[in-house]
There are 2 protein chains.
Amino acid sequence: MVALPKQPNKSLIDGIRCLQEVLSRAEPVGVGQVATELGLETTRVHRILRTLAASGMLRWTDKRKYAPGPAVPVLATQTMHASGFYRAIGPMVELHKDLNMITAMGLLWNRSVSYLFHAEPDQALTSAIGSFDVWPATVSGLGVALLALQTDQTVEELYVGREIPGFNSLPHLLDTLSEARERGYAIHHNTLAICIDETFQAAIGFSSQKVSVKSVSKYLPRLLKCKQEILDVLHA
Amino acid sequence: MVALPKQPNKSLIDGIRCLQEVLSRAEPVGVGQVATELGLETTRVHRILRTLAASGMLRWTDKRKYAPGPAVPVLATQTMHASGFYRAIGPMVELHKDLNMITAMGLLWNRSVSYLFHAEPDQALTSAIGSFDVWPATVSGLGVALLALQTDQTVEELYVGREIPGFNSLPHLLDTLSEARERGYAIHHNTLAICIDETFQAAIGFSSQKVSVKSVSKYLPRLLKCKQEILDVLHA
DNA sequence: AAGATTATTGCTTTATTAGCAAATCGTCAA
DNA sequence: TTGACGATTTGCTAATAAAGCAATAATCTT
């Protein structure tokens with residue numbers, strides 16, 4: 001992550017934090033809730049949220065709460081298009097057909113993985129492609145594969161003082177990540193996952209009872225082939 | 001659109017403008033370009049962009065330019081999931097199968113339509129579902145359907161002093177929108193389109209040489225059925 | 001309907017931001 | 001390889017925007 005400018009814009013930092021907080025909620029959220037969650041003064045939060053609502057990034061509901069606004073899907077669409085990740089869908093669909101296992105592609109950010117593709121065995125592809133779910137990184141094979149790319153220091157900064165879903169301690173998590181880092185893939189909870197892009201921290205993987213430390217050598221080549229196919233279409 | 005707070009946050013307003021400018025570009029963009037485009041002073045833009053880069057919303061490239069950052073797909077995923085629009089894919093795929101025409105779903109924001117689904121006749125659905133393209137609203141049937149929901153004043157504010165793609169004047173555009181508004185659907189360039197959601201300004205439609213003013217009554221019921229199916233899954 | 005809770009406004013003080021000039025960096029041509 | 005040029009970034013100071021407190025308005029609960 002790049003360094004801040006020598007004179008950072010403090011309003012913008014907290015503005016983005018408030019935006020991210022509202023967008024992470026499944027329901028519209030009030031000023032007071034955001035203020036409590038982020039440890040900011042309520043008047044300030046009100047002004048930030050209302051400013052964001054006027055800009056279209058948030059929507060002000062009839063109950064005086066805030067929810068995602070119409071400008072966000074546009075930014076989302078532009079970014080998806082510019083990043084080219086949508087082109088990974090073809091290879092992911094092929095992989096799912098080959099293996100008929102849980103097949104997934106996701107992006108890591110902080111402590112979450114956003115799933116762009118997630119298909120259960122025999123699942124209709126229309127629901128697999130567009131599910132768009134966000135999960136804690138530590139309960140996701142993809143998340144573990146991507147967290148393994150971070151330094152131990154970064155991971156500690158992310159998780160110190162927090163409960164870690166799926167792990168009973170930070171050293172336990174760091175051990176797991178260390179192993180994944182060493183091998184170049186993550187094998188975690190019957191999931192095999194590899195990183196395909198470091199800029200957006202993207203990973204692909206699949207899960208099945210058949211996936212274990214013993215069967216990795218059988219499945220890894222197929223996953224690496226899928227990665228290569230994705231990279232080929234990304235750079236075409 | 002909601003009113004600004006009595007004390008708006010000015011840094012946040014211009015911060016969001018800069019973010020939107022960078023995200024709307026197909027290539028990484030420099031400080032000076034953004035400053036020129038938005039009429040802002042370069043030092044200020046540098047501080048804004050760098051602050052956004054440190055927050056993960058933008059990425060600072062090795063050429064000292066700025067591009068979308070890893071935090072955006074996460075916000076995108078959260079919003080898509082919360083809005084539930086991904087569930088519209090099933091009905092859209094059915095519609096495409098029925099008609100085998102260009103079939104699309106998109107969202108309006110300012111003067112652009114973001115396509116979440118866009119399938120040509122006989123197109124493989126994997127490329128239709130994830131194309132994520134953004135087009136000028138006035139060259140899009142969906143865009144026209146959605147612009148027709150705005151007041152004439154809003155449309156004038158959007159387009160005054162600008163070239164209007166596909167129209168030779170603002171009064172020409174306003175006339176077209178007036179007709180669409182009156183009928184409850186847009187018929188434009190062989191495209192039939194209807195609005196399905198006013199919060200995010202979403203529309204669905206299809207295009208074909210067969211679609212004209214004369215054949216509307218033949219095709220409109222199928223489109224309205226698709227709308228109902230989408231609304232049903234959105235509210236399930 | 002009344003009271004409690006939450007959001008929003010007005011005002012004053014404070015801290016952040018803006019802009020100018022200088023320094024640094026990256027690219028290109030000779 | 002070196003120097004010139006254009007773009008980005010930094011440092012400093014002045015100005016203005018933002019922050020916070022108390023009061024007001026709106027919504028929710030009983």
Side-chain angles (χ1 to χ4, degrees), chain A residues 1-69 199, chain B residues 1-69 199:
Chain A
M1 200 54 54
V2 72
L4 282 161
K6 288 300 182 178
Q7 186 187 298
N9 190 307
K10 297 216 171 85
S11 271
L12 193 49
I13 289 169
D14 286 333
I16 296 295
R17 284 177 74 214
C18 289
L19 177 64
Q20 287 173 341
E21 178 62 29
V22 176
L23 296 189
S24 76
R25 301 285 187 126
E27 302 293 328
V29 62
V31 168
Q33 287 168 278
V34 173
T36 298
E37 187 65 39
L38 300 184
L40 301 175
E41 197 268 329
T42 52
T43 314
R44 185 164 179 229
V45 170
H46 156 68
R47 289 169 177 154
I48 287 171
L49 296 185
R50 202 62 180 274
T51 297
L52 288 169
S55 79
M57 297 297 278
L58 294 181
R59 178 169 46 97
W60 189 60
T61 73
D62 52 6
K63 302 285 179 68
R64 297 193 307 176
K65 292 180 184 252
Y66 295 85
T199 305
Chain B
M1 201 55 55
V2 72
L4 281 162
K6 288 302 185 182
Q7 186 185 299
N9 190 308
K10 297 218 172 76
S11 271
L12 193 50
I13 289 169
D14 286 332
I16 295 295
R17 284 178 73 215
C18 288
L19 176 65
Q20 286 174 342
E21 178 63 29
V22 176
L23 296 189
S24 77
R25 301 283 186 129
E27 302 293 329
V29 62
V31 168
Q33 286 168 281
V34 173
T36 299
E37 187 66 38
L38 301 183
L40 301 174
E41 198 267 329
T42 52
T43 315
R44 184 162 180 235
V45 170
H46 156 68
R47 289 169 176 153
I48 286 171
L49 296 185
R50 202 63 179 273
T51 298
L52 288 168
S55 79
M57 297 297 278
L58 294 181
R59 177 168 47 94
W60 190 58
T61 73
D62 51 7
K63 301 285 178 69
R64 298 195 301 174
K65 292 181 183 251
Y66 295 86
T199 304

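Residues that satisfy the side-chain contact (heavy atoms from CB on, under 4.5 Å) test with A:Ala35, not counting sequence neighbours, are A:Thr42, A:Val45. When the side-chain contact (heavy atoms from CB on, under 4.5 Å) test is applied to A:Gln20, the partners found at least two apart in sequence or on another chain are A:Ile16, A:Trp109, B:Met57, B:Ala71, B:Leu75. For the side chain to side chain donor-acceptor pair (under 3.5 Å) test, no residue two or more places apart in sequence or in another chain qualifies with B:Thr51. Remark: A:Glu41 engages A:Thr43 in a side chain to side chain donor-acceptor pair (under 3.5 Å) (not counting sequence neighbours).
A 4.0 Å heavy-atom criterion places the boundary nucleotides of DNA chain D facing chain A at D:dT10 to D:dC28, written 5' to 3'.
Rounded to 10°, the angle separating the first-five-pair axis and the last-five-pair axis of the helix from C:dA1-D:dT30 to C:dA30-D:dT1 equals 60°.
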Which atom pairs, donor and acceptor, lie under 3.5 Å between side-chain atoms of residues 23-32 of chain B and protein residues at least two apart or in another chain?
from, atom 1, to, atom 2, distance (Å)
B:Ser24, OG, B:Glu21, O, 2.8
B:Arg25, NE, B:Glu21, OE2, 2.8
B:Arg25, NH2, B:Glu21, OE2, 2.9

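One finds the CG atom of B:Leu12 at 4.5 Å from the CG atom of A:Leu52 (value rounded to the nearest 0.5 Å). To the nearest 0.5 Å, the span separating CG on B:Leu58 from SG on B:Cys18 amounts to 9.0 Å.
Residue-to-nucleotide contacts include a donor-acceptor pair under 3.5 Å from the side chain of A:Arg64 to the base of C:dT6.
Between A:Val34 and A:Ile48 there is no side-chain heavy-atom pair separated by less than 4.5 Å.
Every pair passing salt bridge (Lys or Arg N to Asp or Glu O under 4.0 Å) that includes a residue from residues 5-17 of chain B is listed here, sequence neighbours excluded: B:Asp14-B:Arg17, B:Asp14-B:Arg44. Among pairs with a residue in residues 46-67 of chain A, none fulfils salt bridge (Lys or Arg N to Asp or Glu O under 4.0 Å), at least two apart in sequence or across chains.
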Atom pairs, protein N/O to nucleotides 1-4 of chain C N/O, distance under 3.5 Å:
none

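Within a heavy-atom distance below 4.0 Å of DNA chain D, the residues of residues 3-13 of chain B found are B:Gln7, B:Pro8, B:Asn9, B:Lys10, B:Ser11. Contacts between residues 34-53 of chain B and DNA chain C, defined by a heavy-atom separation below 4.0 Å, involve B:Glu41, B:Thr43, B:Arg44, B:Arg47, listed by number.
Minimum interatomic distance between B:Val2 and A:Ala53 (heavy atoms only, all atoms of both residues): CG1-CB, 3.4 Å.
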